Every structure is written in C-alpha cells, then in structure tokens.
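Keep in mind that what you see is a predicted model, and the values were worked out from it rather than measured. So you know, we letter chains A, B, ... as the sequences are listed, proteins then strands, and number each from 1. Below, all heavy atoms of this structure are taken into account, side chains as well, without hydrogens, waters or symmetry copies.
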Amino acid sequence: MAAAAAAAARAGTSKEPTVELSVVAPDKKGHHRRTSSLWVPPSRPTFSNPTPIIRQKAETSGRALKDLVTCRCLSCCPFADRTSATHPEYRKVIPNHKFDSGTPRYEHPNRTKYADNRIRTTKYSLLTFLPKNLFEQFHRFANLYFIFIVMLNWVPAIEAFGRYLSMIPITFVLMVTAVKDAFEDWRLLQRQVVASLANYSKLDSEFKPTDFTATIECEAPNNQIYRFNGNLLYEDGTKEAVSKNNLLLRGCEMRNTDFIEGIVLYAGKDTKAMLNNSGPRYKRSELERLTNWDIVWCVVILLVMCVTGAVFSTIWLNAFDDPYKVAYLTFVEGSSSLKPELEGFINFWSYIIVLQVMIPISLYVSIEIIKLGQVYFMSQDMEMYYEPADKRIQCRALNIPEELGQIQFVMSDKTGTLTENQMIFRRCAVAGVDYGASSSSSNGEARSFPGVSGQSSTGKPLAQLNRESVADVAANADLVQRIENLPDELFLGDFSNGATMTSDGGDDDESPDEARANASDIYHFFINMALCNTVVVNAQPHQDRLDESGFFVGDSFVTGNSAFHVSATDPDTPDQVVIVNDKAATALPYRNSLEAPVRPSVRLPPINQRRTVAALTPLETQIEEDLFAARSASETALKSESGETVSEASADASKQPKKHKETSFAIPEIRTTEHSEAEDNGEENENESESSQPAEASTRTNNLSARPSMLSLNLSKLNIKGFKGLSPLLRFKKGQTSERSESPAPPANPIYEAESPDELSLVYAASAYGVRLLKRHVNSVVIELAGGRRQRFELLHTLPFDSERKRMSVIVRSPITNRAVLYCKGADSAVMDTLSERFKNDSHGQMVIFKSQQYLSLYASYGLRTLCLAKRELDDEEYREWKQMHDEAEMCLENRERLIFESAMRVETDLELVGVTGIEDRLQDGVPECIEALRRAGLKVWVLTGDKIETAVNIAYASKLFSPGMELIQLSAKNEHDTSEMLDHYVEMLENRLGSTRASGRRARVPPTADEGGALLETPANAPAAAGGRGGRSRIGLVVNGQTLAFCLLPTVEDKFVRIVSRCTSVLCCRATPLQKASVVKLAKERLKGKVLAIGDGANDVSMIQCADVGVGISGQEGMQAVMASDFALARFRFLQRLLLVHGHWCYDRLARTILYFFYKNALFVFAIFWYQLFNGFSSQTIPFFLSLTLSFLAYFVFALTYNLFVGPEWNVKDPPNMVAEHALIDIRFWAALIISCVLALLPRFAIQVLLNTHQPSDVLAERIKKRAKTATSGPNDGNFVKSFRARWSRKEKTVRIIPDETGGNEVQVVEASVLHL
Amino acid sequence: MADGPSTSQPANGNNGANEPEPVKKNKPKATRLRQQKLPAWQPILTASTVIPAIFAIGIIFLPIGVALYLASDGVYEYDLKYADCNITEGSKTGQKASDVLTDDLKNNINSTIICGLQFKLDKDITGDIFFYYGLDNFYQNHRRYVKSRSDAQLAGDYKSVGDCAPYAYGDDNGVKKPIVPCGAVANSMFNDTFTLSGPNGPVTFSKEGIVWNVDKEKKFKNPSTPKETVLKETVKPPNWRTDIYGLEGGFENVDFIIWMRTAALPNFRKLYRKLNTTDKLYNGVLKAGTYNLRINYNYPVKSFNGEKRFIISTTSWAGAKNSFLGIAYLVVGVFCIILGVVFLIIHLKFGYSLTELSNVR
C-alpha cells in the first residue's frame, strides 16, 4: 500500500530535508484512482499517513537518494504553462525500482544527467584556490589596469620603475583580496558543514515500494519558489496534476509530522533553495557611482598629462643641435639613433606608468575593507541589539552601508513593522451589539488604545509579552453568559436558520429586536471564529517519534495530536490522512543557512532507550495492525460517500511559520505547567489509543518536555492566568472527563498553532468565550461548546486567504441542519460588498449592517484591526452545482489558481453578516520617537499598509507619523477622471499656498465634492496656528487608499500625484497591495529622485524591499522572507533611527572623506611628479629616491620606532640597509621638510573649508553655531561673574545630558539640540 | 522629547525573574572600541574656531623660518664659474678652453688643457670646508640616462651589463666584450681635476668621509677576479681615457662613486674633496688671501650650453647653503598670519550675521 517511492523524512522542527520532495498523499483505494478525492486539494501540501513504517538508517542523504530516485529526461514538453513553453525543459522522475537493478551506475540516466545531493556552496577547494581566485580577480577592471601597468614596465624602453618594484602594489592588492576571499569561503564551508552533515533528513534506502509505478513529470530545476507544476503519470496513461503545494522544498521545516512519503524531484544544486542562493547581494551605492565618475575624470586628466609630457619631450629632444655629443643623452649615432617622435611615443607609455597613481586603484580595496569594518561596527552596536530576542542587526549587503546616510524616503509597512504583530482580541460586535472588554479583565489593565499600550509594553521580556498578548483575552462577562445559555435547540439538531430564539438567559435591558437573532448569531459568530482558520490543534507539543538513527521511539505514532489522532476505534475519524499544517511546504528554504536551528533537548529516559531496540519488531506489527484497521474502516466510510472531496484547511501560502528562537523562552514555563497536566493526558491517551503496553503512558508523560512552537500555548495556562473562576472552561474540563469516559478524547488542553497571529487570537478568543476548537482533521473539525457539548463539522472546502480577495472561507456541513454552510471572514471592504440583497433589505440585516459599520469605524478609530465575519447557508442544489465547477477548477492543469480564485469568488456571495471583531496590534516601543526623529532629520516617512483608512490614520497619529499640527489631505476617488480632477485641485491649492508665502495658520478648507468618495481636507481642530517648521511651510500629510493609489499611479495622472506627494512630509497609503507598495517605492525613486529605504517584515513587503535602494527586514513574527530579501535586518523598528541617523551618517561621512582624501593625496603626488618633468627634460622620470619616499612614509614610523626601541647601545649597527631611517631620523631637516610638506599640502583644503563653513554653513552647522553663540553670549549679560559662570555651567550640563555622546559628533545630537532650541 | 536612541534598552528583570536567563550569545560586547565611543575630536572648521590655530601655526613657523634662514645665511660659500676660462699653460695659452676642447668626450682623450684661475677670499673660512664641482644644464636625471647602469657590475660582477644599453658592449678588435663600467652614467663621468694653492702654500684635499658608507661598503666593489683577467675580458667605456683600474681604487674610486649617484636636478653640485684638517699649513682654516685654482679642463659642456663651477663651502647645523627651507617656513608662517587676520575680519564682519542667517533659514 505504498503510495509513492517513499522517502520518509524524519520530521521534527529541527530537521530539514536537503532535497526537494514531492509529497504524495496516498489514495485509500490505490493509486489508480483519479478523482479529486485522491488529492488533498492543492492549497497545502499533504502528507500521507505512513502506512508502511519506514525505518531508516542514518546515512548520507546523497547515497540514499541515489537508491531511491531515478530521473530521466524527455525531449518533448507536456506542459502548457507559459514559462515551460519558453523553456521546454523538464524532467521525468521514475522510481528507481522500475529500473533493472543491474543497471550499472554510470549508465543510470539519473547519475549521468542530474545532480546528486552533494552541495558545495564554497567556491574553492585547496587545490583550485590559487588559479581560480586569481582568474576571478583578473576579471576586475582595476586589477587588469594594474597588471597592464606592470607589463608596460617590462618593456625596457618604457620602464620607469624597477620591474620587480612595480609588482609590489598589485601583489599586495591581490593578496589582500585573496585572503578576504579565502576567509569568506572558509566561513561558507563552516556553514555548509553545519548545514549538510549534521542536519539532514534521513531517507530510506532499502524501502522500495514496488507498487508505485507512476512517474512524475515536472519542471526543469528553476529558482521560482512559489511555482511548481508537474504531472503524475500513471501507467494507464492518465495523469494527475501536482503543484507547488505538493512540493516540500529543501530547507523548510516540518512540524507535527513524524514522517512523510514522497519522491525526490530535485537534489543537490538543482533544488530551488540552491538555485536561489546566489550568494551575497551586490548593490552599488550612489557614492560608488560618483566615485566611478571621478575615476573617469581622473583617467581624462591622466591622459592629458601623458600627452602633454610626451609632446614636450619631443620638443625638448628636438632642441638639441647635436644630440649625439651630449653626454647625458644616451643615443649613439648609428646604433641607437635618436628619433624624437618615437621617443615621445615611448614616453607617453612611460608617463602612464609614472602617473598611474592618478587613478586610485587601491581605493577600491581600501573602500571594501573600510565597509567591512563599518558593517562589523554596526553589528556590534549595543543600541541596535534586541536583548529579549537575542538579536543584533544583520547586515546582509556588505557594500552599501554609506547609502544609509543618504536616505530621503522611508517606506514602512505597518503590521509587524511599526506594531508588534501580537494580536489581542479586544472587542466584537455580534449582530450589531458591541461587546467590549469587560472591566473585570484579568490583568485589570484596559489597553484599548494602541498609542498608550505601546508605551506600556516597553521593558517587558518578550516571552512575557507573547504569553500575555495572545491568550490575554479580556472576555466580556455578559457575552460569556450568553454563550453558556445558548438554547438547546442549537445542539439538539432542530435548529434552523432564522428561527427566533426568545429566551436569552435573563438579560433584561436587551431590546427585543436584538434578542431575536441573538442566539443564532452568537452561535454562528463563534463557530466562525473557531472554524474559519488554519489553526492546528495539538494535545501536546509535537515530539519526534524517530530517534537519531531513524527508529521509532516508544509506541505507535498516535500521539494524541490531531495530526496523528488516528485510531481504528475512533468513530470520529474516518480518514487517515495526516494533516500537517502547510508551513512545511510554504516555508522558505533558507533558514538553515542563516540561523542554527533550535534544537530541542528531548530527554529520553533510559528505560525508553533500552526498550526501543527490544520492542522493535512487535511494535511495527502493532502499528501495522492499527493502521490496517483504521484504513479499512475509513475505506468503507469513504465508499459510502464516494466523490466526496477530502479537503482541508489551507492558509495563505505566502505566510511562514513562526519558529524562532523566542521559543526557548517559552519552554520552561510550558514544561512546568504541563507536568501537572501530563499525568492526566497520559492516562487519557492510554485509554483511547489502545496501546497494549501500559508502560507507554509514563514514557510519553516523560517525553512531554519536547519543544513547543512559539505560538502554541497551552490552554491550561489561559485558565490559570486570567479566567479562574470566571471562565466556564474549568467547568468544561471537569465535565469532559466524566463525559468522555469511553469515547476517545480530544486533547483536553489543546495547543494551537497558527500561521498568522490574527487567526490565533481569534481562536483563543473563541476559547475564552467557551467555544473551543478541539480537533482538526482534513475533513472534520470538532468544536466544543458551552457545557461540554461537542459538535463535529464536516469540513468540505477551505478557500484560502489571498490578498486579492482579502478574505478566507470554509465550507462545512453543519451537524445540526446537515446543510453546507459557508463561513467567511475578511476585511470589511471584502465582506460588505458580498452581502446578499435579501439580508441588506431585511430590517434585521439593515440594522446589523448599519450598526456593524458604526462599530467598525469605532474600532478603527481606536486603532484596532477589524474583521467581518459572515456566513452563508447553501442549498444542496447550489452546493452541488458549485462543487462540480470547483472540482473542475481544481483538476485543471492550466490556470488552476485563477480558476480556483474565480470559483471562490462565485461561492462567496449572498453572505449574511454575523459580526465584526476588533483586534489590537500594539505599537512597538520607541516607534513614535523614531519616526519623529526621522522626520526631524528631514526624512520623509511613508507608511504603506493593508489596513483600512481609519485604523491606519489612528496608528499614524499614535506613531507620530502625523502630528496634530499637520494638515491631512485625503485622496479617495472612484475612477481615473475623479482622481485627476481632485489632484488638479490640490496641486493648485498647494502651489497657491506656496505662492502666498508663509500664510501659516490659514487653513484651506475645501468643500467635499458631491461624490461621497470625493476629496476631503481635514484639519484637526487643535492644530496650532503656526504649524510651520523650518521655512514656515505648514506640514502636510497625505492619506491615499489603495483604489485611488491605483489611479494615481496611472501615467496620465502620475505627474500631478508626484507634485502633491513631493510637498507632503508624511504619506499614508492604506489598503495597498504588495505590488502597489513596490510601485510607490519606484515612484519615489524615479520621480522624486530620492534614495528610498523600505522596511517591512512580511512576505508582502518583499517586492517593496527589493525595489528600494536599501531594503530593511524586521525579523519578527512573520518569518524570514523579508529578511531574506533585505539588505539589513533589524529586530525592532526603532533601531532604524540609530541605523540611519548615526551609522548611516558616520558611514557616509567617513567613506566620503576617505575617497576625497584618496583623490587629494594622489593628485598631490602625481602633480609633484608631473611638475618635476620640467626639470628632467620631460623624460618621465619619477622623483628621485622614489622608493625611499614611499617606503619611508609607509615603514618609516614602524621601523624608526622599533629601531629606537630595540636597538640598544650594545648593538653596533653602523649602517643599516635602510638609509632613510639612518639619516632621516637624526636629521632635523628631514623633520622640517616633513612638517612643512604636511602643512603645505593641507593648507589649501583647510582654508577652503574654513571659508565655506563660514560663508555657507550647512544647516546642521548653522544650528550648532547658533547654539554655541547662544551659550557664549548669554553668560556675561548678568554682570555678576560668578552667577554667569554658574549659569553657563549648568547650561552646559543640560546640553551634555541631552546629547549623550558629544565625542561622536553625529547628526542626531544636532537634531536633538535643535529640538531643545525650538 | 530629546531622549536619544540610547534610552530604549529594554529592561529585563522583574517579570522574568523566575525563568532562567537564556544565554545571549549574540549580545555585542560593550567595549568602547566596539561601541565607537573612543574619544574623538571632530572640529568644525569655521573662522571662529580656527583663528587661534592659524595664528599658532604662524607664530611657530616664523621663528623656525628665521632660524633656518640665518643658518643658511651663515654658511660661507665661494662659487667660481670656469667653463669659459682661458688656457694658461701649454701651447694654446690665451685661447678659450671650451673652444679648444672638442665637443665630444671621446675625442679629447689626449688633450691636456690647463686653466689657472685666481680668486681672493675676503675672510678666513673656518669649520668643515668642502670643495664641490658643479654642472649646470646637465640632465643627470634624465630617465634613460639614470637607468643606463648596472648595479651588479658595480658591485663586482664585472660581466653583468644590466640596463647599460647602448653602452653595454664594446668592440675589441672585432670581439664583442662588455664595457666596464658600463652604461651612460659611467661613460659620461666628470673628469676635470683641481689643485688649489693659497697664501700658505698648496691646499691639501682629503677624500675621507665624502662618500656614503653604504656606497663604499656595499654598492661599489672591485671584482674578486684578478685585474688582468677583468681587463682582458672587457673593454673600457668609449669616452674614458683610461680603464677602470686607471682610477685610484678601481670601482671604489671616490670620484666615480660620487658621479654614479645621480643628481636630481639639471643644475647640481657634487662633492669633490674636503679640506684636510690635519694639514699643518692651513690647520683647517682657509685664510683670507689670494688663491690659485689649477684646473685640468677635460670635460666639454658646450654641446648642451652647460656651465662648470668650482665651489668652496662650509656647513651649518642646517646643512649646506640652502635658503629654500628657511624661506618656505617664513612664507608659510607669514601666510598663516595673513590668513588669521583674514579669518578674523571674516569672523568680525560676518560672524554675527551668520546666526541671523540661520534664523532666516
């Protein structure tokens, strides 16, 4: 019953496959079945319940793969995919066992055509290093130039320096670079060693599932992580599609999975992970570009000088009447006669050698080394180290640190970047009735306003924050009571839609109108919250069932987690398909190379280890039996409802699991709390899993200390923390044990794991209100309601979230009505438009919609993230019709995603609004201060968010993006024409304003246009009259929504938009899609000619980050995509202030100075040589004692100092080789010449700088001078000297306190000093 | 408001007290170097801040310049140009030596032209007294000329000719042999000789200490091969009247060594001799009076409009007579003072309005 050439990867959070597997779910009846039920829908990767348990020896994955898989290449293309049409290459994967086992290795198509699993990320080996590295280095123009010069020197007539002497610099440069390369390569090697020997999956080499005969056609290796197309070809000629959801990428982690079955498609360097790993990112900074232009000018100057010298040498030689008689001319009549023109030509080349320093080749090397140093110092900065997460700044791009100092625009994401991305359920409105956080909230701290709570969270350890924020649902006591008192009809089964529930448990002050649908709505509301997600429920933290050598540890894999909660005797679960949340497949594959995986310490008791070996064989059979039983049971079950799609929850493919090092914080806590639970659990498990060995329970109990995932929280803690005595949960718990005495128990204390914090917060919120998600399987969900009543929903479809629809839905079969119900949750804009006409016209519906809208704006004004929950009951007929089309869409090979999207759109109509929720996402600490500082430093901060306008504006005020004194322009229009007119209006207004200079305080009020979506200019009432900053121009903030933004970016309108935007200090884009974010970045880059920094944390920010001049990733909750795409990765947003204003400034300033100094120094040197030509007959002679000159400056101090230190009187070194050291050190003239040459060289620059600074000081300088002038003049006015002195002293102290490190002299200080002044 | 980025260190403690402190392996070390907190001074160069420094430089430089200038001024130097001297001995007495001497060095091998010059010293010259010969307009720094030598040969490897072309090999009765010493530098060696007599009688010259130790001991060595073998296997430079062993000391001849150290500028002087301080006639002092300089006039300079000099000079603590350094210091010092005054004016005139300016902005 093997499904595919199976590779059972040992799964665990720290195990990562080194190959890319296509994961095949087995068909219950066999692999010939081709209906959709064969495949778990492509929304997520599916893993079969591993029928044949594969034991594996640890061995090199490369060898294992060779045995497992055969790849063969065909020559025609079966795909209609447009990409593969242009690249008609694909591979055909055939299981190895289909080949004759006698095929010699070297004839095996796989071995000859495709890569094995050996991966080398290093460039060099010991042997190849020298030639390869030199070859690479010779590719650089600078080095070529150098070598050209050296070669010129070998031509006797041209030779200017000593032949060997001239090789010193290039040798030095090559050596330094080689050492650097070697070091980098060595580091790669270290990483590679860690990655691929220590940590690979264990693949079975002996296992040969001979009954899997299908082959897989798939794309040729490419680097597109989110794309994969292929077909499974059966022997009878039929095919089935496999998509990206069936692909398990190299480097991703699997959770809650003991093993999987799959076939290897790509290995080694063919894996998408490796194809994407193109090494360190290389960006060219503006400074570098400028430098290159300078160098071009240097080349021009060099050529001019060389030509001049050559011409004059010809003239000089021509001036001799009889050159052969001149003693110092080396021409002999006859044998080497003088040809002045030829001599001039030779001199030209000689000049190039002599004046080569004009082109500062060593500058490149110097700059590279300096930048490395800068990056190092950045990463060492304590003030950019985030202690709770133990994260420092990651500099992924090594060559653009100075670009940070030139940033003009900061484009920021909101969620997770400005905010914590720790969602806390705050309020909800069910059927138009608002239920806010009750005053009896557990921690007594009402934190409804992000601005306030953002401050209060400062200083708490992250672990603390995590626990508090997710589970800390302030349950509304009133609502809790209502749920407890839900009418019995809901559970007994004769509940029908629209039925009027009259009793609601004695809430007197409720209007009858509300009461009418209350019970039903509340029921659906919470069911929706609990159902409509992709949350995975575990009884206990997942624990690896395979030991290091690939053997199963202990008992069967039925561990009590829902993913493995398969028992032959469990009537609840007719299926045996293992659900693994799809994080595995969607996770980006690089993690491995970046962070060392967290390795949980699973301490196995000694008894267990001993038993592992002993119980091996019986255990296997035991499991086999179990599974067989389960399978046959499910097969019969399935036959009865054939054609039924086994669907399962899916999730936004772009999101990535949270698994970070923070986890380590949670471990101890969970461990302790769980220990008390463990006994309980173990016993239950023992009962339900029918495992025959009584000792196992204790074993399992002891093993419970395995690593939990970060977002997973034991519900028991919820009780302990906040709801003791208040929540009904405790009561349920008691009830459960008695009730479920004979039926297999779902986990008593489920651990929820979700991809998005929103989902988790909703599920926890539902739990807090007594509606608990107990189990989740591929096709069923069990929910426990108040009083321990449980309902099992058959999960029919999951329509995953996408950013276009902005909503997700599940279709379930209600256990009560036995009808299909669609639960939908999404953004208000996405849900409100899809409400049914009937609902809209219904009086109850109207009320609900109206009130919900009100609450939505109220929540948003609190800065809460809002979601709308809606439902739709489908007729059987309707459902069957839709299902047919949906199945077709799923089976379609081309355009599948589009079709499924359309299919989802079809069913997500005629919804009924159930309620709305408000979830708080706190601002990160230090965000307002950071944004303020950035704004004061003259940077323009734009926030691009997907949130709705009200929420975004509120957060914008809280984060000081908008200040109260700012005028807000809100752009919103329905079409291009309106947008254009509106923009015209504002352009006119703004430009008029600018014309009538500094009419600050005058507020231009523009009447809103008749169109309700028209323009609206808001000026907050408390705006101070003079909102002007420097120059008196009032600050203007712009708010654009996504729809309007799309129009604004149209080529016809763009110009006007740019004109407006260029006058705004802050811009807020709401409802922006990832693509729009990127195009806004492009706009700022191209049209506003600014340096743009983009900062974000999620996958939706990747395009923006890649688009920007500098991309910054926040390594927060949303996984690694943003970090992978970024140039710098920060732990917190507030570090941006330090990064830009301090380090950026430093880097730029220092590098700019270095470059200038280089040119200056070289020009001095070169011109000295050039003028010397006047005295040597333009013979391209260098300055005499050239060697001593250069060497002495280099080695002089070193030699001199050490010489003086170590050479005592007993050393009789009369005449050391270095003449300079001997003579110069004791010669006063040397020192005199040294000093005067330094002064002479520096004086011009010095004088120019003084004049410039005095006449046209920069803004920063002006501020500082002003400040100094103030402190200087204010003292003496007092008359009393002592008093004035004291006054000055105290003022000085004040200044020192405000500017922490005066020594650094960076811009922040100045900015802040100006703050003080204003 | 003005709390900098430094204040936002997250506190840990209080709440997480019960949990064991996780290892913070990424935590940077708080050393002053790593945190870039080493003391530094970044002055902003404006008139007000720079004026004191400028004046200070000026005030320091002026006395140094004066001292250097005075030292150079105190050096006694007698400079005698003699390229146009008249012949005072032999058959061609009265003719101009430069006219009689052929332009080409190699053609005047057998000529003996003697110029006698009389000059008068006004006062006694004391201290170390050096005698130089000088050449004007002689481009001993020409790239090709400088290069045309073989250091290996000079150090004893007589067969090595290095970069000596076109004076690498000579023709000895149809046999090509290496020239010793080879190269243009050696070939054009200055060969005038001087004798000086004064009121107390002939002045005795000393060769002691007029070459650098490193030249004498390392760079110039006679070949270890017997002289006869060397002479047999090589030829002399075309311009020379004698072979290398005809010079006193061979390769280690003082005049040869000095000539081989090429000059940096076309007008140069080279040390010829020192006054012999043990000489009883003069006792290290050149008395005032009339001196006779007898010149063996062998070196032609007409072809490049050259000039020849004989120079008597003393030294000071600041070296030979060279007023350049002193003047340079004086100029820079004066320039700094002037600059200081200009800056002062700028500061007084514009300093106030600057704050106004920044206000307006």
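- The shortest non-hydrogen separation linking A:T330 to B:P166 is O-CG, 3.0 Å.
- A heavy-atom distance below 4.5 Å is not found between the side chains of B:P28 and A:D381.
- Nearest heavy-atom pair across A:A327 and B:Y299 is CB-OH, 3.8 Å.
- Top candidate by heavy-atom pairs under 4.5 Å with chain A, chosen from B:F61, B:F343, B:Y139, B:F335, is B:Y139.
- Within a 6.0 Å sphere centred on CG of A:D321, heavy atoms belonging to other residues, nucleotides or ligands number 12 at most.
- Highest contact tally toward chain A, considering only B:V301, B:L33, B:L339, B:N187, is held by B:L33 [criterion: heavy-atom pairs under 4.5 Å].
- For B:I64, no part sits under 4.5 Å from any heavy atom of chain A, backbone or side chain.
- The number of heavy-atom neighbours closer than 6.0 Å to NZ of B:K302, taken from other residues, nucleotides and ligands shown, is above 12.
- For the pair A:V326/B:S303, a side-chain contact is recorded, criterion being any heavy-atom separation below 4.5 Å from C-beta on.
- The backbone N or O of A:F1175 sits less than 3.5 Å from a side-chain atom of B:N141, completing a donor-acceptor pair.
- Taking every heavy atom of both residues into account, B:Q35 and A:Q380 meet most closely at NE2-O, 2.7 Å.
- Here the side chain of A:D390 pairs a donor or acceptor atom with the backbone of B:K25 at under 3.5 angstrom.
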Show the numbers, then the answer: is there a side-chain contact (heavy atoms from CB on, under 4.5 Å) between B:K27 and A:M382? CA-CA 8 Å; B:K27 188 171 183 170; A:M382 281 294 284; 3.9 Å; yes

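- A:Y328 has its side chain out of reach of B:Q140: every pair of non-hydrogen atoms, C-beta onward, lies at least 4.5 Å apart.
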Pair A:L1251-B:I346, side-chain contact (heavy atoms from CB on, under 4.5 Å): steps then yes or no: CA-CA 9 Å; A:L1251 289 174; B:I346 288 174; 3.4 Å; yes

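- Only the side chain of A:Y376 comes within less than 4.5 Å of a heavy atom in chain B; its backbone stays farther off.
- In this structure, the ring of B:F304 has its center no less than 6.0 angstrom from the ring center of A:F320.
- Side-chain contact between B:H142 and A:F1178 is absent, with no heavy-atom pair separated by less than 4.5 Å.
- Remark: side-chain polar atoms of A:Q1181 are not paired, donor with acceptor, to backbone N or O of B:A264 under 3.5 angstrom.
- Residues A:E343 and B:R144 have side chains in contact (heavy-atom distance under 4.5 Å, counting atoms from C-beta outward).
- Here the side chains of A:W1146 and B:Q36 are in contact, with some heavy-atom distance below 4.5 Å.
- The backbone N or O of A:K391 sits nowhere less than 3.5 Å from a side-chain atom of B:N26 that would complete a donor-acceptor pair.
- The most heavy-atom pairs under 4.5 Å with chain A, out of B:P266, B:A30, B:A165, come from B:P266.
- Looking at B:R143 and A:S1180, their side chains do bring a donor and an acceptor atom within 3.5 Å of each other.
- Residue B:Y69 qualifies as open at atom OH: its count of foreign heavy atoms under 6.0 Å is 12 or below.
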